[in-house]
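Structure first, commentary second.
No hydrogens, no waters, no symmetry mates; every other heavy atom, side chains included, goes into these values. The structure presented is a predicted model; accordingly, all values stated were derived computationally and were not measured. Counting convention: from 1, in listed order, for ligands and their atoms alike. Residue indices begin at 1 and follow the sequence shown.
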Amino acid sequence: MKRLLLLNGPNLNLLGQREPETYGSQTLEDIVQLVTDTADELNYELTAFQSNHEGELIDQIQNAEGNVSGIIFNPAAYTHTSVAIRDAVSAISVPVIEVHISNVHNREEFRRHSMIAPVSAGQVIGFGIDGYRLAVLGIIKKIESEGR
Ligand code: DHK
């Protein structure tokens with residue numbers, strides 16, 4: 001069975017308690033369940049990983065090559081700062097979809113720029129946790145159409 005990797009970056013372990021007016025009341029566990037169920041509907045297996053540490057996220061991205069068909073990735077605050085994560089995404093041939101729960105374009109100016117976007121296969125922004133489901137549907141369509 002083909003496999004997807006769900007990667008979540010810093011502070012997303014606090015979803016549910018963290019700024020609920022911005023990020024909603026659902027938890028990381030809810031997201032993992034939603035993505036697992038969506039992947040399952042389409043006969044994909046899911047591995048989920050969250051980390052507050054840049055290097056651990058990079059290790060996961062590097063290890064994805066040859067092991068997964070696509071990555072659903074919310075890099076959280078590292079979106080706006082991390083050349084190292086961007087380089088890791090660039091280094092692999094596995095397509096990466098960038099997800100943001102909030103609409104980063106109607107918040108602070110610094111959230112409008114993504115280091116990752118130019119090397120991503122696509123972005124889903126501002127649909128709350130449903131964005132993760134949309135990202136799974138999108139990436140599987142892409143994987144299948146490219147015969148990966
Ligand atoms: C999550 C974060 O933690 C922020 O640092 C990003 C993103 C936005 C989100 O909306 O999922 O700026």
For atom 12 (O) of ligand 1, find the nearest protein heavy atom and state the residue, atom name and distance (0.1 Å precision). His80 NE2, 2.7 Å
Spatial distance of atom CZ (Arg133) from atom OG1 (Thr38) [nearest 0.5 Å]: 4.0 Å
Checking heavy atoms under 4.0 Å, the part of Asn74 that sits near ligand 1 is side chain
Among side-chain atoms of Tyr132 and Asp30, is any donor-acceptor pair under 3.5 angstrom? no
To the nearest 0.1 Å, how far is atom 2 (C) of ligand 1 from its closest protein heavy atom, and which atom is that? Tyr23 OH, 3.4 Å
Spell out, as yes or no, whether a donor-acceptor pair under 3.5 Å connects the side chain of Gln50 to the backbone of Gly9. yes
Is a donor from one side chain sitting under 3.5 angstrom from an acceptor on the other, for Glu98 and Thr79? no
Mutual orientation of the aromatic rings belonging to His80 and Phe110 [parallel < 30°, tilted 30-60°, perpendicular > 60°]: perpendicular
Heavy-atom pairs closer than 4.0 Å: do any link ligand 1 to the side chain of Arg18, the backbone, both, or neither? side chain
Have a look at ligand 1 and work out which part of His100, if any, has a heavy atom under 4.0 Å from it: side chain, backbone, both or neither. both
Any ion pair linking Lys2 and Glu144 (charged N to carboxylate O, less than 4.0 Å)? yes
Identity and distance of the protein heavy atom lying nearest atom 9 (C) of ligand 1: Ile101 N, 3.4 Å
Check each heavy atom of Val104 against ligand 1 and say whether those closer than 4.0 Å belong to the side chain, the backbone, both or neither. side chain
Which heavy atom of Pro75 sits nearest a heavy atom of Ile116, and at what distance? CG-CG1, 4.0 Å
Option whose closest heavy atom lies nearest to atom 5 (O) of ligand 1, chosen from Pro75, Ser102, Gly24, Ala77: Ala77
Under 3.5 Å, N or O to N or O, is Arg111 touching ligand 1 that way? yes
